[in-house]
Amino acid sequence: MKYVFVTGGVVSSLGKGLTAAALGALLESRGLTVRIQKFDPYLNVDPGTMSPFQHGEVYVLEDGAETDLDLGHYERFTSGKLSRLNNLTSGQVYESVIQKERRGDYLGATVQVIPHVTNEIKDRIHAAAKDVDVLITEIGGTTGDIEGLPFLEALRQFALEAGPRDVVFMHVTLVPFLNAAGELKTKPTQQSVAKLREIGIQPHVVVCRCDRPLESSLRDKISMFCNVPMKAVIECRDVAHSIYELPLALQKEGLDEIVIELFGLKCPAPAKNIWEEIVRRILNPAHEVRIGVVGKYIELQDAYKSVYESLTHAGIANNCRVNIVRIDAEDLEKKNGLAQLRGLNGILVPGGFGDRGTEGKIAAARHAREKKVPYYGLCLGLQIAVIEFARDVLKLPRANSTEFDLKTPHPVINMMEEQKKIIDKGATMRLGSYECALTAGTRASKAYGKANVRERHRHRYEVNNAYVGQLQRAGMIVSGINPRRNLVEIIELKDHPWFLGVQFHPEFQSKPSAPHPLFAAFIGAAIKNKKGSRKHSAQSRKAAKKAAK
């Protein structure tokens with residue numbers, strides 16, 4: 001077994017997760033099996049109850065684990081499916097240690113950070129490393145943070161126990177450009193590595209985040225002061241167009257070659273890199289569409305990270321550039337707010353919780369339904385579509401979800417029965433992978449090309465089966481159900497070019513090399529919508545000219 005530990009210095013949000021994911025992609029291309037995990041120093045047991053404003057998206061794994069959004073990068077860049085073993089927080093560590101102490105597992109010993117907490121962390125590394133050639137572990141936070149010290153100490157111990165040819169430490173730091181000095185400064189990197197060495201860890205590779213080329217003189221300086229070979233000082237600039245350029249950029253810097261060499265492995269680089277074709281399609285598309293994403297956390301880039309990435313993947317599948325128009329749902333509730341929806345080739349309403357912006361999302365669904373604009377609802381987006389349809393088509397004006405209105409006379413969306421007695425919020429929803437049986441001949445069935453699929457869920461509320469009959473008679477198609485519990489999973493509209501909502505989160509199973517079929521079908525419908533709009537506009541102009549004569 002080989003291990004790569006990715007640490008970060010100077011500031012947070014440097015892109016350690018993307019760097020780890022890109023390295024994983026490069027090692028996989030050399031024929032190695034790779035798995036990636038994330039250690040987070042915060043005391044929350046998981047990110048499930050944390051605000052998207054604070055932590056960004058909650059990423060859900062196959063086994064229902066609510067994890068850090070970086071695990072989304074890991075799954076998108078590599079082929080393996082991850083589990084709860086691949087995300088560990090300080091909260092989980094201390095919870096486990098205390099439970100063991102309460103059970104008497106430590107036989108009356110004094111429970112301490114060393115060895116009990118550090119042993120717990122090392123055990124998780126061993127557990128996640130089974131059946132793979134290389135385990136890449138990212139340590140969240142910044143070197144020097146007090147809450148991260150137990151993790152770094154555990155890594156120091158682990159490296160000593162594993163041996164020098166089996167462990168590589170990769171440190172990601174910032175090399176800022178100071179306008180006043182007119183040059184890049186290496187001192188923050190030097191100080192960060194010095195802090196890491198104080199803890200007892202000597203990095204083998206230093207990845208330098210910078211916004212301009214890292215000249216050889218600066219590389220030489222970092223090499224000398226940080227005690228790493230010059231070839232192991234890696235330039236990592238912001239990519240020009242897409243994060244999927246990163247594996248190619250790091251390969252050009254020789255990162256994968258250095259890691260392979262440090263491990264003493266013989267894994268030749270492939271003749272062709274799949275990332276070249278992915279990037280080619282992103283940079284030179286044949287089509288272009290505008291997709292409105294209507295949400296409540298629009299101002300935060302990471303709140304809908306997997307949705308945005310899945311739209312990019314769907315664009316790759318359709319040879320199309322997807323221009324995302326972020327629309328705050330609350331703005332649609334204002335006077336003339338719906339003007340923001342004009343000119344869109346598709347509308348997507350992502351998942352979410354709480355009633356803020358709900359009426360704006362309902363207005364967006366109505367606009368898509370009436371104007372024949374392709375609509376794609378994810379989780380809450382399906383529920384929004386059902387509420388809108390019940391109000392306007394079934395003529396039930398107060399139809400709603402009990403999440404938003406407990407006194408609604410028509411709860412077309414209702415809390416699952418087993419959820420009604422739950423008090424705790426963390427990890428208590430319908431989480432993880434569930435089966436969905438597809439109805440033959442529907443848009444969903446044609447997109448998937450199979451009769452049964454499994455998709456990941458994260459919700460408490462479902463379509464109320466008491467209203468399904470009315471909805472179907474009025475033109476709503478239930479194109480997917482959970483066969484074990486007879487729950488609505490997918491809905492479509494009969495008389496619409498492409499209107500589809502799903503109760504699950506398909507964005508968690510999309511990759512640039514394997515776009516999710518429903519996202520791909522949605523963007524395909526958006527391309528048709530744009531072509532149809534152009535044809536209609538051309539006909540209108542022709543008719544106007546004829547009338548003028």
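Here the structure is a predicted model, which is why all the values come from computation and not from measurement.
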Enquirer: Check the pair I260 / R30 against side chain to side chain contact (heavy atoms under 4.5 Å, CB included), numbers first and verdict last.
Expert: CA-CA 10 Å; I260 292 293; R30 286 173 171 260; 3.9 Å; yes
Enquirer: State whether a side-chain donor-acceptor pair under 3.5 Å links S83 with E62.
Expert: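 No - no donor-acceptor pair under 3.5 Å links their side chains.
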Enquirer: Run the side chain to side chain donor-acceptor pair (under 3.5 Å) test on E153 and Q157 for me, step by step, so that the C-alpha distance in whole Å, both residues' side-chain angles and the decisive distance to 0.1 Å come before the verdict.
Expert: CA-CA 6 Å; E153 170 59 21; Q157 295 176 21; 2.8 Å; yes
Enquirer: W275 and F77: side chain to side chain contact (heavy atoms under 4.5 Å, CB included), yes or no, with the steps?
Expert: CA-CA 10 Å; W275 298 97; F77 277 80; 3.7 Å; yes
Enquirer: With rounding to the nearest 0.5 Å, note down the distance linking OH in Y304 to CG in L348.
Expert: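 Result: 10.0 Å between the selected atoms.
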Enquirer: Between NZ of K252 and CD of E235, what distance do you get to the nearest 0.5 Å?
Expert: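 If we round to the nearest 0.5 Å, K252:NZ and E235:CD are 8.5 Å apart.
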Enquirer: Can you tell me if K221 has over 12 outside heavy atoms packed within less than 6.0 Å of its NZ?
Expert: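 Atom NZ in K221 is not crowded, with 12 or fewer foreign heavy atoms closer than 6.0 Å.
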Enquirer: Centre-to-centre under 6.0 Å for F158 and H126, is that the case here?
Expert: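 Centroid distance F158-H126: below 6.0 Å, so yes.
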Enquirer: Is the CG atom of L178 crowded by more than 12 outside heavy atoms at less than 6.0 Å?
Expert: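 Yes, enclosed.
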Enquirer: If you take all heavy atoms of V34 and V132, which pair is closest and at what distance?
Expert: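 That closest heavy-atom pairing would be C-CG1, 4.3 Å.
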Enquirer: Measure from NZ or CZ of R212 to the centre of the six-membered ring of F177, then state whether that distance is under 6.0 Å and the direction lies within 45° of the axis.
Expert: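 Yes, a cation-pi geometry.
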Enquirer: So that I can tick it off, tell me whether E66 and R84 are bridged by a salt bridge, with the cut-off set at under 4.0 angstrom between side-chain N and carboxylate O.
Expert: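 Salt bridge: no.
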Enquirer: Let me see the working for E120 and Q92 under side chain to side chain contact (heavy atoms under 4.5 Å, CB included), right down to the final yes or no.
Expert: CA-CA 10 Å; E120 195 73 26; Q92 292 174 22; over 6 Å; no
Enquirer: Can you tell me how far the NE2 atom of H73 sits from the OG1 atom of T78, to the nearest 0.5 Å?
Expert: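 Those atoms lie 12.0 Å apart.
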Enquirer: Find the distance between CG (L262) and CD1 (I258) and round it off to the nearest 0.5 Å.
Expert: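 If I round to the nearest 0.5 Å, the distance is 7.5 Å.
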Enquirer: Taking all non-hydrogen atoms of both residues into account, name the closest pair between V172 and R209 and its distance.
Expert: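 Looking at all heavy atoms of both residues, the shortest contact is CG1-CG, 3.9 Å.
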Enquirer: Any chance the rings of F504 and Y434 have centres within less than 6.0 Å?
Expert: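 Here the rings of Y434 and F504 have centres that are no less than 6.0 Å from each other.
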Enquirer: What closest approach, in Å, do P188 and V10 show between heavy atoms, and which atom pair accounts for it?
Expert: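 Heavy-atom minimum between the residues: O-CG2, 3.6 Å.
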Enquirer: From the options Y244, Y308, F522, select the one residue that forms a ring pair (Phe, Tyr, Trp, His ring centres under 6.0 Å) with H313.
Expert: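 In the set Y244, Y308, F522, the residue that makes a ring pair (Phe, Tyr, Trp, His ring centres under 6.0 Å) with H313 is Y244.
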Enquirer: Indicate whether the side chain of R454 and that of S433 have a donor and an acceptor atom separated by less than 3.5 Å.
Expert: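 There is such a pair (donor and acceptor under 3.5 Å, judged by atom type) between the side chains of R454 and S433.
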Enquirer: Flag yes if more than 12 heavy atoms outside R102 fall under 6.0 Å of its CZ atom; otherwise flag no.
Expert: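 Atom CZ in R102 is not crowded, with 12 or fewer foreign heavy atoms closer than 6.0 Å.
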Enquirer: Other residues, nucleotides and ligands only: do more than 12 of their heavy atoms fall within 6.0 Å of NZ on K511?
Expert: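 Above 12, so yes.
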Enquirer: Would you say the side chains of S306 and R76 form a donor-acceptor pair under 3.5 Å?
Expert: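 Judged by distance alone, the side chains do pair up.
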Enquirer: When you look at R103 and E101, which way does the salt bridge (charged side-chain N to carboxylate O under 4.0 Å, His left out) test go after all the steps?
Expert: CA-CA 5 Å; R103 290 197 305 264; E101 186 272 334; over 6 Å; no
Enquirer: Taking side-chain contact (heavy atoms from CB on, under 4.5 Å) as the criterion, tell me which of T173, I139, I201, I199 meets it with T7.
Expert: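 That would be I139.
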Enquirer: Measure across F151 and P41 and return the closest heavy-atom pair with its distance rounded to 0.1 Å.
Expert: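 Nearest heavy atoms, F151 then P41: CE1-CA, 3.8 Å.
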Enquirer: Between E215 and R219, does at least one N-O distance fall below 4.0 Å, as a salt bridge requires?
Expert: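 The answer is no: the pair does not qualify as a salt bridge.
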Enquirer: Tell me yes or no: between the side chains of T137 and Q37, is some donor less than 3.5 Å from an acceptor?
Expert: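 Short answer, yes.
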Enquirer: Verify the neighbour count for atom NZ of K187: are there more than 12 heavy atoms of other residues, nucleotides or ligands below 6.0 Å?
Expert: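 Incorrect, the count does not exceed 12.
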Enquirer: Can you tell me if T89 and D40 form a side-chain donor-acceptor pair at under 3.5 Å?
Expert: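 No, D40 and T89 have no side-chain donor paired with an acceptor closer than 3.5 Å.
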Enquirer: Salt-bridged, R281 to E277, with N to O below 4.0 Å?
Expert: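 A salt bridge links R281 with E277.
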Enquirer: Please round to the nearest 0.5 Å and tell me the distance separating atom CD1 of I523 and atom OH of Y376.
Expert: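 That separation rounds to 9.5 Å.
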Enquirer: As an exercise, state the distance from CG of L152 to CD of E198, rounded to the nearest 0.5 Å.
Expert: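 Separation between the atoms: 12.0 Å.
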Enquirer: Name the one of E253, E261, E257 that satisfies side-chain hydrogen bond (donor to acceptor under 3.5 Å, both in side chains) with K231?
Expert: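 That would be E261; it is the only one of E253, E261, E257 passing the side-chain hydrogen bond (donor to acceptor under 3.5 Å, both in side chains) with K231.
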Enquirer: In terms of the angle between their ring planes, are H457 and H459 parallel, tilted or perpendicular, with boundaries placed at 30° and 60°?
Expert: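 Plane angle between 30° and 60°, so tilted.
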Enquirer: Apply the side-chain hydrogen bond (donor to acceptor under 3.5 Å, both in side chains) test between Q509 and each candidate in E75, H516, E455; give the one that qualifies.
Expert: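 Of all the options given, the one that passes is E455.
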Enquirer: Pair L23, V259 - check side chain to side chain contact (heavy atoms under 4.5 Å, CB included), show working.
Expert: CA-CA 9 Å; L23 174 61; V259 171; 4.1 Å; yes
